[in-house]
There are 2 protein chains.
Amino acid sequence: MTVSKMTSQDQAKQVAPVGFDEEGGALQLGELSELLGYSLKRAQLKVFEDFLRCMAPLQLTPAQFSVLLLLDKNPGRNQTEIANTLGILRPNFVSLLDALESRDLLTRMRSPSDRRSHVLMLTDKGRATLARAKKLVATRHEARLIEVLGPAEHKALLGMMAKIAREF
Amino acid sequence: MTVSKMTSQDQAKQVAPVGFDEEGGALQLGELSELLGYSLKRAQLKVFEDFLRCMAPLQLTPAQFSVLLLLDKNPGRNQTEIANTLGILRPNFVSLLDALESRDLLTRMRSPSDRRSHVLMLTDKGRATLARAKKLVATRHEARLIEVLGPAEHKALLGMMAKIAREF
DNA sequence: GTCTATTTGATATACTTCATAACGATTATT
DNA sequence: AATAATCGTTATGAAGTATATCAAATAGAC
(Lines give C-alpha, C1' and ligand atoms only; values in the text may rest on other atoms or scores of the structure.)
Protein backbone atom coordinates (compact mmCIF):
# COMPACT_ATOMS: atom_id res chain seq x y z
CA MET A 1 0.00 0.00 0.00
CA THR A 2 0.89 3.58 0.06
CA VAL A 3 3.43 5.38 -1.67
CA SER A 4 6.93 4.17 -2.31
CA LYS A 5 10.25 5.59 -3.33
CA MET A 6 10.84 5.61 -7.07
CA THR A 7 13.63 3.96 -8.89
CA SER A 8 15.53 5.08 -11.91
CA GLN A 9 14.90 2.02 -13.97
CA ASP A 10 12.34 3.25 -16.43
CA GLN A 11 14.15 6.44 -16.93
CA ALA A 12 17.35 4.60 -17.72
CA LYS A 13 15.72 1.80 -19.62
CA GLN A 14 13.22 3.54 -21.76
CA VAL A 15 15.36 5.46 -24.12
CA ALA A 16 13.29 3.52 -26.59
CA PRO A 17 9.56 3.48 -25.98
CA VAL A 18 8.17 0.38 -24.37
CA GLY A 19 7.43 -2.36 -26.82
CA PHE A 20 10.27 -1.55 -29.14
CA ASP A 21 13.56 -3.31 -29.42
CA GLU A 22 16.44 -2.65 -31.75
CA GLU A 23 17.17 -6.00 -33.29
CA GLY A 24 14.24 -7.69 -34.95
CA GLY A 25 11.84 -4.79 -34.79
CA ALA A 26 9.06 -3.97 -32.37
CA LEU A 27 7.62 -6.62 -30.14
CA GLN A 28 3.89 -7.13 -30.25
CA LEU A 29 2.35 -6.17 -26.96
CA GLY A 30 -0.86 -7.91 -27.94
CA GLU A 31 -3.46 -8.31 -25.21
CA LEU A 32 -1.00 -6.77 -22.77
CA SER A 33 -2.14 -3.29 -23.72
CA GLU A 34 -5.70 -4.22 -22.86
CA LEU A 35 -4.73 -5.46 -19.41
CA LEU A 36 -5.75 -2.63 -17.16
CA GLY A 37 -3.50 -3.76 -14.31
CA TYR A 38 -0.50 -3.64 -16.58
CA SER A 39 -1.05 -0.11 -17.87
CA LEU A 40 -2.15 0.98 -14.43
CA LYS A 41 1.11 -0.11 -12.86
CA ARG A 42 3.28 1.44 -15.54
CA ALA A 43 1.34 4.68 -15.36
CA GLN A 44 1.58 4.72 -11.59
CA LEU A 45 5.35 4.30 -11.71
CA LYS A 46 5.62 7.15 -14.19
CA VAL A 47 3.51 9.41 -12.02
CA PHE A 48 5.54 8.68 -8.89
CA GLU A 49 8.73 9.20 -10.83
CA ASP A 50 7.51 12.61 -11.91
CA PHE A 51 6.35 13.40 -8.39
CA LEU A 52 9.84 12.76 -7.02
CA ARG A 53 11.38 14.89 -9.75
CA CYS A 54 9.04 17.79 -9.01
CA MET A 55 9.51 17.41 -5.27
CA ALA A 56 13.28 17.07 -5.42
CA PRO A 57 13.89 20.55 -3.90
CA LEU A 58 12.04 19.51 -0.75
CA GLN A 59 13.14 15.89 -0.65
CA LEU A 60 9.72 14.52 0.10
CA THR A 61 8.49 11.13 -1.05
CA PRO A 62 4.84 10.61 -1.96
CA ALA A 63 4.32 8.77 1.32
CA GLN A 64 5.89 11.56 3.36
CA PHE A 65 3.88 14.19 1.53
CA SER A 66 0.68 12.28 2.17
CA VAL A 67 1.46 12.15 5.89
CA LEU A 68 2.05 15.89 6.09
CA LEU A 69 -1.12 16.55 4.13
CA LEU A 70 -3.20 14.32 6.35
CA LEU A 71 -1.72 15.69 9.55
CA ASP A 72 -2.48 19.23 8.48
CA LYS A 73 -6.13 18.41 7.95
CA ASN A 74 -6.32 16.19 11.04
CA PRO A 75 -4.19 17.54 13.85
CA GLY A 76 -4.07 15.74 17.16
CA ARG A 77 -4.54 12.21 15.83
CA ASN A 78 -2.36 9.34 16.93
CA GLN A 79 -0.09 7.16 14.85
CA THR A 80 -2.53 4.29 14.45
CA GLU A 81 -5.24 6.54 13.09
CA ILE A 82 -3.02 8.22 10.55
CA ALA A 83 -1.34 5.00 9.51
CA ASN A 84 -4.65 3.19 9.05
CA THR A 85 -6.08 5.99 6.98
CA LEU A 86 -3.10 5.84 4.65
CA GLY A 87 -3.05 2.05 4.54
CA ILE A 88 0.33 1.89 6.22
CA LEU A 89 1.02 -0.77 8.82
CA ARG A 90 1.92 0.61 12.23
CA PRO A 91 5.33 -1.05 12.42
CA ASN A 92 6.31 0.48 9.10
CA PHE A 93 4.92 3.85 10.05
CA VAL A 94 7.43 4.25 12.88
CA SER A 95 10.52 4.81 10.76
CA LEU A 96 8.55 7.00 8.37
CA LEU A 97 7.68 9.28 11.30
CA ASP A 98 11.22 9.07 12.66
CA ALA A 99 12.50 10.56 9.43
CA LEU A 100 9.99 13.41 9.42
CA GLU A 101 10.45 14.13 13.11
CA SER A 102 14.23 14.20 12.81
CA ARG A 103 13.79 16.85 10.12
CA ASP A 104 11.62 18.78 12.56
CA LEU A 105 8.56 18.63 10.32
CA LEU A 106 6.32 17.09 12.96
CA THR A 107 6.29 16.19 16.63
CA ARG A 108 5.17 13.18 18.61
CA MET A 109 3.55 14.14 21.91
CA ARG A 110 2.36 11.73 24.55
CA SER A 111 -1.38 12.15 24.85
CA PRO A 112 -2.41 13.26 28.35
CA SER A 113 -5.70 11.38 28.06
CA ASP A 114 -4.13 8.12 26.90
CA ARG A 115 -0.47 7.90 27.70
CA ARG A 116 0.01 4.98 25.34
CA SER A 117 -0.60 6.98 22.22
CA HIS A 118 1.36 9.70 20.50
CA VAL A 119 -0.48 12.77 19.33
CA LEU A 120 0.95 13.89 16.01
CA MET A 121 1.23 17.53 15.02
CA LEU A 122 2.94 19.47 12.32
CA THR A 123 5.61 21.89 13.45
CA ASP A 124 5.79 25.39 12.02
CA LYS A 125 8.54 24.16 9.76
CA GLY A 126 6.32 21.25 8.80
CA ARG A 127 3.49 23.58 7.84
CA ALA A 128 5.82 25.80 5.87
CA THR A 129 7.33 22.84 4.07
CA LEU A 130 3.89 21.47 3.31
CA ALA A 131 2.84 24.79 1.82
CA ARG A 132 5.87 24.83 -0.47
CA ALA A 133 5.30 21.18 -1.33
CA LYS A 134 1.69 21.80 -2.27
CA LYS A 135 2.82 24.57 -4.56
CA LEU A 136 5.37 22.34 -6.25
CA VAL A 137 2.82 19.59 -6.74
CA ALA A 138 0.24 21.94 -8.17
CA THR A 139 2.46 23.96 -10.47
CA ARG A 140 4.77 21.20 -11.66
CA HIS A 141 3.34 17.79 -11.13
CA GLU A 142 -0.42 18.05 -11.53
CA ALA A 143 0.03 20.78 -14.10
CA ARG A 144 2.03 18.41 -16.26
CA LEU A 145 -0.56 15.71 -15.89
CA ILE A 146 -3.31 18.07 -16.90
CA GLU A 147 -1.22 19.19 -19.82
CA VAL A 148 -0.90 15.61 -21.06
CA LEU A 149 -4.46 14.50 -20.37
CA GLY A 150 -6.44 17.68 -20.67
CA PRO A 151 -8.45 19.07 -17.75
CA ALA A 152 -11.59 17.07 -18.48
CA GLU A 153 -9.84 13.74 -18.75
CA HIS A 154 -7.72 14.52 -15.72
CA LYS A 155 -10.79 15.08 -13.64
CA ALA A 156 -12.50 11.99 -15.02
CA LEU A 157 -9.41 9.97 -14.21
CA LEU A 158 -9.47 11.10 -10.60
CA GLY A 159 -13.06 10.01 -10.32
CA MET A 160 -12.37 6.60 -11.80
CA MET A 161 -9.39 5.96 -9.58
CA ALA A 162 -11.37 6.84 -6.50
CA LYS A 163 -14.18 4.58 -7.67
CA ILE A 164 -11.85 1.63 -8.13
CA ALA A 165 -10.16 2.20 -4.79
CA ARG A 166 -13.56 2.42 -3.15
CA GLU A 167 -15.76 -0.14 -4.85
CA PHE A 168 -13.38 -2.68 -6.21
CA MET B 1 8.73 -1.85 -12.63
CA THR B 2 6.41 -4.48 -13.70
CA VAL B 3 4.09 -6.46 -11.85
CA SER B 4 4.55 -7.62 -8.31
CA LYS B 5 3.03 -10.19 -6.04
CA MET B 6 0.15 -8.88 -4.00
CA THR B 7 -0.04 -8.77 -0.29
CA SER B 8 -2.97 -9.24 2.02
CA GLN B 9 -2.67 -5.92 3.73
CA ASP B 10 -5.54 -4.04 2.18
CA GLN B 11 -7.83 -6.94 2.41
CA ALA B 12 -7.09 -7.36 6.10
CA LYS B 13 -6.92 -3.69 6.87
CA GLN B 14 -9.86 -2.21 5.08
CA VAL B 15 -12.73 -3.66 7.00
CA ALA B 16 -13.60 0.00 7.30
CA PRO B 17 -13.37 2.10 4.16
CA VAL B 18 -10.31 4.26 3.81
CA GLY B 19 -10.59 7.57 5.51
CA PHE B 20 -12.69 6.34 8.38
CA ASP B 21 -11.59 5.52 11.87
CA GLU B 22 -13.65 4.35 14.77
CA GLU B 23 -12.67 6.70 17.55
CA GLY B 24 -13.17 10.35 16.83
CA GLY B 25 -14.99 9.93 13.55
CA ALA B 26 -13.80 10.09 9.96
CA LEU B 27 -10.50 11.64 9.09
CA GLN B 28 -10.48 14.36 6.47
CA LEU B 29 -8.61 13.19 3.40
CA GLY B 30 -8.48 16.74 2.12
CA GLU B 31 -6.25 17.38 -0.89
CA LEU B 32 -5.17 13.74 -0.74
CA SER B 33 -8.15 12.69 -2.82
CA GLU B 34 -7.07 15.10 -5.54
CA LEU B 35 -3.58 13.68 -5.67
CA LEU B 36 -3.63 11.50 -8.74
CA GLY B 37 -0.58 9.51 -7.70
CA TYR B 38 -2.24 8.59 -4.44
CA SER B 39 -5.48 7.28 -5.94
CA LEU B 40 -3.54 5.71 -8.77
CA LYS B 41 -1.46 3.66 -6.38
CA ARG B 42 -4.39 2.57 -4.28
CA ALA B 43 -6.38 1.62 -7.36
CA GLN B 44 -3.44 -0.28 -8.80
CA LEU B 45 -3.06 -2.31 -5.61
CA LYS B 46 -6.75 -3.16 -5.63
CA VAL B 47 -6.58 -4.27 -9.24
CA PHE B 48 -3.57 -6.50 -8.64
CA GLU B 49 -5.21 -7.94 -5.58
CA ASP B 50 -8.25 -8.84 -7.64
CA PHE B 51 -6.07 -10.25 -10.40
CA LEU B 52 -4.42 -12.64 -7.96
CA ARG B 53 -7.77 -13.70 -6.59
CA CYS B 54 -9.15 -14.41 -10.06
CA MET B 55 -5.96 -16.18 -11.11
CA ALA B 56 -5.65 -18.27 -7.96
CA PRO B 57 -6.59 -21.53 -9.72
CA LEU B 58 -3.61 -21.17 -12.04
CA GLN B 59 -1.19 -19.65 -9.54
CA LEU B 60 0.05 -16.97 -11.91
CA THR B 61 1.21 -13.55 -10.80
CA PRO B 62 0.61 -10.52 -13.01
CA ALA B 63 4.30 -10.56 -13.97
CA GLN B 64 4.21 -14.22 -14.92
CA PHE B 65 1.03 -13.77 -16.91
CA SER B 66 2.53 -10.85 -18.79
CA VAL B 67 5.56 -12.97 -19.72
CA LEU B 68 3.40 -15.79 -21.07
CA LEU B 69 1.27 -13.31 -22.98
CA LEU B 70 4.27 -11.61 -24.53
CA LEU B 71 5.97 -14.89 -25.40
CA ASP B 72 2.87 -16.15 -27.15
CA LYS B 73 2.75 -13.08 -29.37
CA ASN B 74 6.52 -12.99 -29.84
CA PRO B 75 7.97 -16.47 -30.03
CA GLY B 76 11.69 -16.90 -30.54
CA ARG B 77 12.87 -13.80 -28.69
CA ASN B 78 15.64 -13.87 -26.15
CA GLN B 79 15.54 -12.97 -22.48
CA THR B 80 16.88 -9.45 -22.90
CA GLU B 81 14.25 -8.54 -25.45
CA ILE B 82 11.34 -9.82 -23.39
CA ALA B 83 12.66 -8.37 -20.15
CA ASN B 84 13.25 -4.95 -21.70
CA THR B 85 9.80 -4.84 -23.18
CA LEU B 86 8.27 -5.57 -19.81
CA GLY B 87 10.59 -3.18 -17.99
CA ILE B 88 12.18 -5.99 -16.01
CA LEU B 89 15.92 -5.94 -15.35
CA ARG B 90 17.77 -8.92 -16.75
CA PRO B 91 19.15 -10.11 -13.42
CA ASN B 92 15.65 -10.16 -11.96
CA PHE B 93 14.22 -11.84 -15.01
CA VAL B 94 16.32 -14.96 -14.48
CA SER B 95 14.49 -16.28 -11.43
CA LEU B 96 11.15 -15.34 -12.92
CA LEU B 97 11.94 -17.54 -15.92
CA ASP B 98 13.34 -20.27 -13.68
CA ALA B 99 9.98 -20.52 -11.96
CA LEU B 100 8.02 -20.72 -15.20
CA GLU B 101 10.45 -23.16 -16.78
CA SER B 102 10.40 -25.43 -13.73
CA ARG B 103 6.62 -25.58 -14.13
CA ASP B 104 7.16 -26.58 -17.75
CA LEU B 105 5.34 -23.54 -19.10
CA LEU B 106 8.22 -22.37 -21.27
CA THR B 107 11.64 -23.46 -22.49
CA ARG B 108 15.00 -21.78 -22.83
CA MET B 109 16.86 -22.87 -25.96
CA ARG B 110 20.33 -21.81 -26.97
CA SER B 111 20.06 -19.85 -30.16
CA PRO B 112 22.01 -21.48 -33.02
CA SER B 113 22.73 -18.08 -34.60
CA ASP B 114 23.98 -16.48 -31.36
CA ARG B 115 24.98 -19.01 -28.79
CA ARG B 116 25.03 -16.42 -26.03
CA SER B 117 21.32 -15.90 -26.04
CA HIS B 118 18.41 -18.09 -25.03
CA VAL B 119 15.45 -18.31 -27.34
CA LEU B 120 12.26 -18.40 -25.28
CA MET B 121 9.25 -20.40 -26.31
CA LEU B 122 6.02 -21.47 -24.70
CA THR B 123 5.55 -25.19 -24.25
CA ASP B 124 2.25 -26.85 -25.10
CA LYS B 125 1.44 -26.76 -21.43
CA GLY B 126 2.37 -23.09 -21.39
CA ARG B 127 0.02 -22.34 -24.24
CA ALA B 128 -2.78 -24.30 -22.62
CA THR B 129 -2.23 -22.55 -19.30
CA LEU B 130 -2.17 -19.19 -21.02
CA ALA B 131 -5.47 -19.94 -22.73
CA ARG B 132 -7.09 -20.81 -19.43
CA ALA B 133 -5.51 -17.76 -17.80
CA LYS B 134 -6.85 -15.46 -20.50
CA LYS B 135 -10.30 -16.86 -19.93
CA LEU B 136 -10.06 -16.27 -16.18
CA VAL B 137 -8.87 -12.72 -16.70
CA ALA B 138 -11.62 -11.93 -19.19
CA THR B 139 -14.53 -13.55 -17.40
CA ARG B 140 -13.61 -12.69 -13.83
CA HIS B 141 -11.12 -9.87 -13.61
CA GLU B 142 -11.82 -7.52 -16.49
CA ALA B 143 -15.51 -8.34 -16.31
CA ARG B 144 -15.60 -7.10 -12.75
CA LEU B 145 -13.76 -3.94 -13.67
CA ILE B 146 -16.18 -3.25 -16.50
CA GLU B 147 -19.04 -3.90 -14.13
CA VAL B 148 -17.76 -1.28 -11.71
CA LEU B 149 -16.72 1.32 -14.26
CA GLY B 150 -19.04 0.68 -17.13
CA PRO B 151 -17.74 -0.26 -20.61
CA ALA B 152 -17.25 3.30 -21.80
CA GLU B 153 -15.28 4.43 -18.78
CA HIS B 154 -13.28 1.21 -18.78
CA LYS B 155 -12.19 1.84 -22.32
CA ALA B 156 -11.44 5.48 -21.62
CA LEU B 157 -9.37 4.47 -18.63
CA LEU B 158 -7.26 2.11 -20.70
CA GLY B 159 -6.58 4.91 -23.12
CA MET B 160 -5.55 7.34 -20.42
CA MET B 161 -3.26 4.85 -18.72
CA ALA B 162 -1.54 4.10 -21.98
CA LYS B 163 -1.20 7.81 -22.65
CA ILE B 164 0.43 8.44 -19.30
CA ALA B 165 2.77 5.48 -19.64
CA ARG B 166 3.70 6.71 -23.10
CA GLU B 167 3.86 10.48 -22.92
CA PHE B 168 4.54 11.21 -19.31
C1' DG C 1 43.57 -13.23 -37.82
C1' DT C 2 44.45 -11.44 -33.45
C1' DC C 3 43.21 -8.15 -29.81
C1' DT C 4 39.83 -5.48 -27.68
C1' DA C 5 35.17 -4.23 -26.69
C1' DT C 6 30.45 -5.49 -26.29
C1' DT C 7 26.58 -8.47 -25.41
C1' DT C 8 24.07 -12.40 -23.10
C1' DG C 9 22.56 -14.92 -19.25
C1' DA C 10 23.74 -15.53 -14.64
C1' DT C 11 25.32 -14.74 -9.72
C1' DA C 12 25.98 -12.05 -5.77
C1' DT C 13 24.52 -8.39 -3.23
C1' DA C 14 22.11 -4.46 -1.33
C1' DC C 15 18.24 -1.47 -0.60
C1' DT C 16 13.36 -0.54 -0.27
C1' DT C 17 8.75 -1.92 0.53
C1' DC C 18 5.56 -4.63 2.85
C1' DA C 19 4.09 -8.13 6.27
C1' DT C 20 3.93 -10.79 10.92
C1' DA C 21 5.17 -11.76 15.69
C1' DA C 22 6.21 -10.20 19.95
C1' DC C 23 7.48 -6.88 23.74
C1' DG C 24 6.82 -3.15 27.56
C1' DA C 25 3.81 0.29 28.90
C1' DT C 26 -0.72 1.70 29.48
C1' DT C 27 -5.64 1.36 29.52
C1' DA C 28 -10.04 -1.32 29.46
C1' DT C 29 -12.76 -5.17 31.05
C1' DT C 30 -14.28 -8.36 34.17
C1' DA D 1 -7.02 -7.44 41.48
C1' DA D 2 -6.54 -10.26 37.40
C1' DT D 3 -7.03 -10.59 32.62
C1' DA D 4 -7.44 -8.80 28.10
C1' DA D 5 -6.81 -5.32 24.69
C1' DT D 6 -4.35 -1.30 22.64
C1' DC D 7 -0.35 1.79 21.51
C1' DG D 8 4.17 2.48 19.86
C1' DT D 9 8.13 -0.12 19.00
C1' DT D 10 11.60 -3.69 17.72
C1' DA D 11 13.03 -7.58 15.28
C1' DT D 12 12.61 -10.20 11.40
C1' DG D 13 11.33 -12.11 6.95
C1' DA D 14 9.64 -12.09 2.12
C1' DA D 15 9.32 -9.68 -2.21
C1' DG D 16 10.56 -6.27 -5.55
C1' DT D 17 14.13 -3.62 -7.49
C1' DA D 18 18.81 -1.89 -8.35
C1' DT D 19 24.06 -2.31 -9.40
C1' DA D 20 28.42 -4.66 -10.16
C1' DT D 21 30.59 -8.41 -11.99
C1' DC D 22 31.57 -12.85 -14.32
C1' DA D 23 32.26 -16.45 -18.08
C1' DA D 24 30.99 -17.41 -22.63
C1' DA D 25 30.16 -15.83 -27.09
C1' DT D 26 30.10 -12.41 -30.62
C1' DA D 27 31.32 -7.99 -32.98
C1' DG D 28 34.47 -4.64 -34.31
C1' DA D 29 39.14 -2.37 -34.91
C1' DC D 30 43.43 -2.78 -36.60
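So that the names make sense, note that chain A is the first sequence line, chain B the second, and so on, each numbered from 1.
Rounded to whole Å, atom P of C:dA10 lies 11 Å from atom CG of B:Asn78. Between B:Arg90 atom CZ and D:dA20 atom P there is a gap of 13 Å when expressed in whole angstrom units. Rounded to whole Å, atom C1' of C:dT17 lies 12 Å from atom CD of A:Gln44. Atom CZ of A:Arg77 and atom P of D:dG8 are 13 Å apart (whole Å). Rounded to an integer number of Å, the gap from A:Gln64 CD to C:dT17 C1' is 14 Å. In this structure, CD1 of A:Ile88 is placed 13 Å from P of D:dG8, rounded to the nearest angstrom. For the pair A:Glu81 CD and D:dT6 P, the interatomic distance rounds to 14 Å; values are reported in whole Å. Between the P atom of D:dG13 and the CG atom of A:Leu89 lies a distance of 18 Å, rounded to the nearest Å.
Residues of residues 97-123 of chain B having a heavy atom closer than 4.0 Å to DNA chain D, listed by number: B:Asp114, B:Arg115, B:Arg116.
Hydrophobic cluster membership for A:Met109: A:Val119, A:Met121 (Ile, Leu, Val, Met, Phe, Trp, Tyr linked by side-chain heavy atoms under 4.5 Å, directly or transitively).
Of all non-hydrogen atoms in A:Arg103 and A:Leu58, the two that sit nearest each other are NH2-O, 2.9 Å. In this structure, A:Leu130 and A:Leu68 approach most closely via the heavy-atom pair CD2-O, 3.6 Å. The shortest heavy-atom contact between B:Arg127 and B:Asp72 is CG-OD1, 3.9 Å.
Checking the phosphate oxygens (OP1, OP2) of D:dG16, no side-chain nitrogen or oxygen of A:Lys41 falls inside 4.0 Å.
In terms of position along DNA chain C, the nucleotide closest to B:Gln79 lies nearer the 5' end than the nucleotide closest to the other residue of the pair B:Gln79 and B:Asn92.
In this structure, the side chains of B:Phe65 and A:Leu35 come closer than 4.5 Å at one or more pairs of heavy atoms. A:Leu157 places a side-chain heavy atom less than 4.5 Å from the side chain of B:Met161.
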